[in-house]
Amino acid sequence: MGTVCEIVLDGDATPAIVAFDEIARIEQMLSTWRDGSELSRLNRSQSAEVSRELFAVLSDAIRSAEATGGAFNPLTGPLVELWRTREQGLVPTPEAIANILPLANLEGPRFDAGSRRVSLPAGSAFEEGGFGKGYALDRAAAVLEEAGKREFLLDFGGQLMLRSSAPIDVAIASPEHRDEPLLLLTMTSGSLSTSSGSEKTFVVDGVRFSHILDPRDGRALPSRGSVSVVSSSAFEADVLSTALYVMGPREGLAWANAHDVAAIFIVPTEAGWKFLLSDKSNTAGLAVRAAGTEFKQGEKTQ
Ligand code: ADP
Ligand code: MG
């Protein structure tokens with residue numbers, strides 16, 4: 001899925017190897033970075049009988065998209081291609097965007113549960129960028145638990161999945177310098193996913209764009225801070241960090257509070273970074289605090 005996964009655990013390496021095998025299996029199923037994956041084949045044929053697992057993951061992705069009002073959308077494939085966000089990036093014409101946008105319609109795909117056939121409208125395609133790593137982390141954690149491991153840390157391209165008997169401090173990096181921790185939080189179990197507007201960016205005519213698109217209007221979003229989500233489900237953390245990035249701090253914080261989601265926004269201001277915490281990220285025992293510098297919680301209603 002275009003990135004690296006690390007596994008940290010004590011003792012014999014065998015369970016880690018089994019977990020890597022599981023992630024490799026999911027890569028073969030879900031990765032659109034591989035022409036031979038089951039998902040790439042579905043996208044090419046536009047209609048196929050798929051594995052029980054892929055059927056379930058794609059149905060879950062559509063359900064999550066509906067729950068976020070389309071801010072998260074697993075049908076962003078054609079938009080990602082139009083904007084070339086996996087390459088050097090370009091700004092398409094409004095006409096080109098208007099032509100492609102209907103392909104992201106969440107009502108387009110047909111799911112027939114009896115035959116497990118998934119059918120896509122012509123030109124539409126699933127893209128796992130916003131949920132594949134999260135799904136793989138949930139599966140890898142399940143495999144490690146089946147192997148009897150109770151303590152481990154997985155890092156898949158920056159998204160963490162943790163099981164620990166003692167609380168562990170994890171860091172959220174500066175949206176601009178991934179080696180500079182800005183916030184610390186305490187976790188024992190669950191996943192931390194960050195969607196950042198300053199990674200994988202591209203600049204056109206002096207404007208910096210992120211690799212995250214707003215599927216509601218088909219535009220690449222400007223590079224603007226980051227959103228982190230903590231959840232027991234890595235799939236949910238992955239989906240919601242992307243969705244809340246799309247919504248932005250104002251709409252996103254209200255959505256997170258209405259849906260009891262632990263979210264942390266890092267927002268650029270003239271005076272430096274502002275931190276906005278949803279109610280749950282204040283109360284879930286995460287003890288969010290500054291890494292070094294003074295901590296200023298922004299106005300919660302903004
Ligand atoms: P990361 O890949 O760093 O984990 P995200 O989880 O936010 O970041 O996923 C961003 C990726 O998801 C993009 O590179 C693209 O492939 C895809 N994507 C972009 N915008 C959306 C969106 N609104 N909904 C779902 N997937 C998206
Ligand atoms: Mg992600």
Side-chain angles (χ1 to χ4, degrees), residues 1-5 26-27 30-34 37 39-40 43 57-58 60-89 97 100-101 103-106 109 124-138 154-161 172-173 175 178 191-202 209-231 233-248 251-252 255 263 265-266:
M1 295 184 231
T3 187
V4 172
C5 182
I26 290 158
E27 168 92 14
L30 269 188
S31 178
T32 52
W33 297 72
R34 289 179 191 273
S37 73
L39 186 57
S40 290
N43 284 337
V57 178
L58 296 180
D60 283 352
I62 293 284
R63 262 194 298 278
S64 303
E66 285 164 349
T68 65
F72 166 83
N73 184 325
L75 299 169
T76 49
L79 283 169
V80 165
E81 264 184 42
L82 181 68
W83 284 82
R84 304 256 190 283
T85 58
R86 285 183 177 185
E87 295 132 57
Q88 71 287 358
I97 295 174
I100 294 292
L101 196 55
L103 300 176
N105 183 348
L106 293 169
S124 187
F126 282 102
E127 212 267 341
E128 85 295 0
F131 64 92
K133 292 192 288 285
Y135 179 72
L137 281 171
D138 283 329
L154 310 183
D155 179 339
F156 200 172
Q159 183 173 351
L160 303 182
M161 183 59 146
I172 299 174
R178 71 180 300 168
S191 183
L192 170 67
S193 169
T194 297
S195 288
S196 163
S198 319
E199 276 188 27
K200 305 180 213 156
T201 60
F202 61 97
F209 292 94
S210 74
H211 65 129
I212 301 176
L213 304 153
D214 188 338
R216 301 169 300 186
D217 66 9
R219 301 198 56 84
L221 288 158
S223 176
R224 57 168 188 219
S226 70
V227 189
S228 302
V229 171
V230 178
S231 168
S233 155
F235 179 84
E236 180 176 291
D238 199 3
V239 161
L240 293 184
S241 64
T242 308
L244 296 179
Y245 187 90
V246 171
M247 292 180 202
E251 184 193 342
W255 196 95
F265 291 80
I266 301 183

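As the structure lists them, so they are numbered: ligands from 1, and atoms in each ligand from 1. We number each residue from 1, following the sequence as shown. No experiment lies behind these values; they were computed from the predicted model shown.
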- List the closest protein heavy-atom neighbour of atom 5 (P) of ligand 1: residue, atom name, distance to the nearest 0.1 Å. T242 OG1, 3.3 Å
- Task: Measure from NZ or CZ of R86 to the centre of the six-membered ring of W33, then state whether that distance is under 6.0 Å and the direction lies within 45° of the axis.
- Result: yes
- Item | S195: numbered ligand 1 atoms lying under 4.0 Å from its heavy atoms | 5 (P), 6 (O), 7 (O)
- Query: In ligand 1, which numbered atoms sit nearer than 4.0 Å to a non-hydrogen atom of P215?
  - Reply: 23 (N)
- Task: Give the numbers and elements of all ligand 1 atoms closer than 4.0 Å to a heavy atom of F72.
- Result: 24 (N), 25 (C)
- Query: Mind checking whether F202 and W83 have parallel, tilted or perpendicular rings, split at 30° and 60°?
  - Reply: tilted
- With sequence neighbours excluded, residues passing side chain to side chain donor-acceptor pair (under 3.5 Å) with S231: E236
- Between A243 and ligand 1, which residue portion shows a heavy-atom distance shorter than 4.0 Å: side chain, backbone, both, or neither? neither
- Distance to 0.1 Å, residue and atom name: give those for the protein heavy atom nearest to atom 18 (N) of ligand 1. T76 OG1, 3.9 Å
- Just which atoms of ligand 1 are under 4.0 Å from any heavy atom in I212? 7 (O), 19 (C), 20 (N)
- Atoms in ligand 1 flagged as close to D238, the criterion being non-hydrogen separation under 4.0 Å: 6 (O)
- For S191 and L160, indicate whether the former's side chain and the latter's backbone hold a donor-acceptor pair under 3.5 Å. yes
- Leaving out waters, which are not shown anyway, how many protein N, O or S atoms lie closer than 2.8 Å to the Mg ion (ligand 2)? 1
- Item | Residue among T194, T242, L240 satisfying side chain to side chain contact (heavy atoms under 4.5 Å, CB included) with V229 | L240
- Task: Just grab all the salt bridge (Lys or Arg N to Asp or Glu O under 4.0 Å) pairs involving residues 61-80, residues at least two apart or on different chains.
- Result: D60-R63
- Message: If I apply the N/O under 3.5 Å rule, does P74 come out as touching ligand 1?
- Response: no
- Task: For Y245, check side chain to side chain donor-acceptor pair (under 3.5 Å) against everything at least two apart and list the hits.
- Result: none
- Do me a favour and list the nearest non-hydrogen protein atom to atom 19 (C) of ligand 1 with residue, atom name and distance? H211 O, 3.5 Å
- Query: Are any of the side-chain nitrogens in R219 or D217 under 4.0 Å away from the carboxylate oxygens of its partner?
  - Reply: no
- Query: Heavy-atom distance to atom 1 (P) of ligand 1: which of K133, E127, M1, R86 wins?
  - Reply: K133
- Query: What protein heavy atom sits nearest atom 25 (C) of ligand 1, and how far away is it?
  - Reply: N73 O, 3.1 Å
- Just distances here: any N/O of V246 and N/O of ligand 1 closer than 3.5 Å? no
- So, for R224 and M247, which heavy atoms are closest and what is the spacing to 0.1 Å? NH2-C, 4.3 Å
